[in-house]
Amino acid sequence: MMTHRPIEFREERDLGQKLNVTFAFIKQNYKVLLTSLLYLVVPFALLAGIFSGIYQSTQLAQAAGEVEYESMGAYSFASSILSVHYWLQIFFTIVAYVMLSLTVYSFMVLYQDYDGPIEVRDVWALAKGHIIPVLYSTIGVFIICVLGTLLLVVPGVYLYVAFSIFIVVMLREDVGFVEAMERCLYLVKGNWWSSFGFFLVLIIIQGVFGFVASAPAIVTYILRILHLPGGENDLLLVAAGTVSTVVNLLLYIIWVTGLGFQYYHLVEVKDGIGLLEQVENIGKPEPALATISEQEEA
């Protein structure tokens with residue numbers, strides 16, 4: 001039962017402190033976080049992994065000349081990004097990432113705002129109303145960043161960093177698409193380089209963990225390419241690709257949590273909300289609040 005909140009969210013932190021609090025938060029709450037991810041994220045991650053494995057298996061079979069097509073059109077369709085498996089993989093990967101982000105940030109909001117134990121149903125109660133808005137908004141932000149990169153590289157990079165906290169802004173501040181973009185640009189203004197530095201460190205950490213998680217898929221691909229025993233097994237290839245995709249997606253909890261603390265850091269730098277709250281609460285007893293699910297049942 002969580003009766004104390006040892007981790008303060010609204011606090012200015014340097015890069016090292018943000019990394020430390022990211023891992024400390026995950027370590028402190030891993031049981032509920034992992035259980036929530038199991039119910040809310042893993043089903044979509046499995047679907048993404050399965051379609052990714054099928055697509056990769058098809059690509060390797062084509063490269064080895066193991067598949068014959070009746071026409072050039074059929075070959076082009078299966079070997080390009082027009083493949084149905086490719087797009088299903090992309091779709092479920094996006095959904096899994098959105099669900100993971102909503103799960104982590106819903107837990108962070110509950111952790112910050114409510115006393116008592118946090119359960120999966122509490123996380124779901126807060127996250128469910130934001131799924132559709134966050135999903136289409138995430139796609140919209142991604143398109144804007146891609147267009148910015150295609151037109152001019154520098155604006156694209158600036159937008160990627162600025163909008164990296166987009167989902168936590170939407171959830172924590174309960175704002176829409178346009179308001180969230182404006183808020184992100186406001187928070188990052190004057191703090192872009194420090195945000196970029198933390199952004200880069202998170203990418204490196206994520207890349208290292210992701211490479212390790214991809215080991216099963218890499219081994220099976222090598223077996224297939226070198227025609228070694230086991231490499232011809234399509235089921236093994238799909239299974240390895242699925243496991244790697246699921247684990248990689250779940251490891252994004254580090255990335256998402258880190259961005260969450262970056263958001264709170266920027267809010268404190270810009271608005272000083274945490275300091276104001278501390279001043280206002282001097283001498284006041286801390287109220288015990290019911291969780292989201294208990295409020296809905298009342």
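Annotation for H265 and K18: closest pair CD2-NZ, 3.8 Å, computed over non-hydrogen atoms. Considering all non-hydrogen atoms of both residues, L159 and L185 come closest at CD2-CD2, 4.3 Å. Contact record, V120 with S36: CG2-OG, 3.7 Å, taken as the closest heavy-atom pair. Between Q89 and F51, the shortest heavy-atom distance links the atoms N-CB, 3.9 Å. Nearest approach of N248 to G210, heavy atoms of both residues: OD1-CA, 2.9 Å.
With hydrogens and angles disregarded, no donor-acceptor distance shorter than 3.5 Å links the side chain of N29 to the backbone of I26. Side chain of H130 to main chain of L171: no donor-acceptor pair is present (N/O by atom type, distance under 3.5 Å, no hydrogens or angles). A donor-acceptor contact shorter than 3.5 Å links the side chain of N20 to the backbone of G16.
E182 meets the side chain to side chain contact (heavy atoms under 4.5 Å, CB included) test with V178; sequence neighbours excluded. Not counting sequence neighbours, the partners of F261 by the ring-ring contact (aromatic ring centres under 6.0 Å, His included) test are F9, F25. Contacts of A240 classified as side chain to side chain contact (heavy atoms under 4.5 Å, CB included), with partners at least two apart in sequence or in another chain: P216, T220. Contacts of Y160 classified as ring-ring contact (aromatic ring centres under 6.0 Å, His included), with partners at least two apart in sequence or in another chain: none. In this structure V246 satisfies the side chain to side chain contact (heavy atoms under 4.5 Å, CB included) test together with A45, L46, T242, L250, sequence neighbours excluded. Residues forming a side chain to side chain contact (heavy atoms under 4.5 Å, CB included) with V212 (at least two apart in sequence, or on another chain): none.
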Distance-only donor-acceptor pairs under 3.5 Å for side chains of residues 135-149, two or more places apart:
unit_1: S137; atom_1: OG; unit_2: P133; atom_2: O; d: 2.6
unit_1: T138; atom_1: OG1; unit_2: V134; atom_2: O; d: 2.6
unit_1: T149; atom_1: OG1; unit_2: C145; atom_2: O; d: 2.9

Under 3.5 Å, sequence neighbours excluded: what are the donor-acceptor pairs made by side chains of residues 252-260?
unit_1: W255; atom_1: NE1; unit_2: Y97; atom_2: OH; d: 3.2
unit_1: T257; atom_1: OG1; unit_2: I253; atom_2: O; d: 2.6

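For residues 40-51, no residue pair satisfies the side-chain hydrogen bond (donor to acceptor under 3.5 Å, both in side chains) rule, not counting sequence neighbours. Among residue pairs with one or both ends in residues 184-201, those qualifying as side-chain hydrogen bond (donor to acceptor under 3.5 Å, both in side chains) are Y186-D271, S195-Q262; sequence neighbours excluded. Applying the side-chain hydrogen bond (donor to acceptor under 3.5 Å, both in side chains) test to residues at least two apart or on different chains, the pairs with a partner in residues 164-175 are Q112-R172, D113-R172, E173-R183, E173-Y263. Here side-chain hydrogen bond (donor to acceptor under 3.5 Å, both in side chains) pairs that include residues 196-207, with residues two or more places apart or in two chains, number zero.
For the atom pair CG of L187 and NZ of K270, the computed distance is 7.5 Å after rounding to the nearest 0.5 Å.
Under the 4.5 Å side-chain contact rule for hydrophobic residues, V208 and L200 do not share a cluster.
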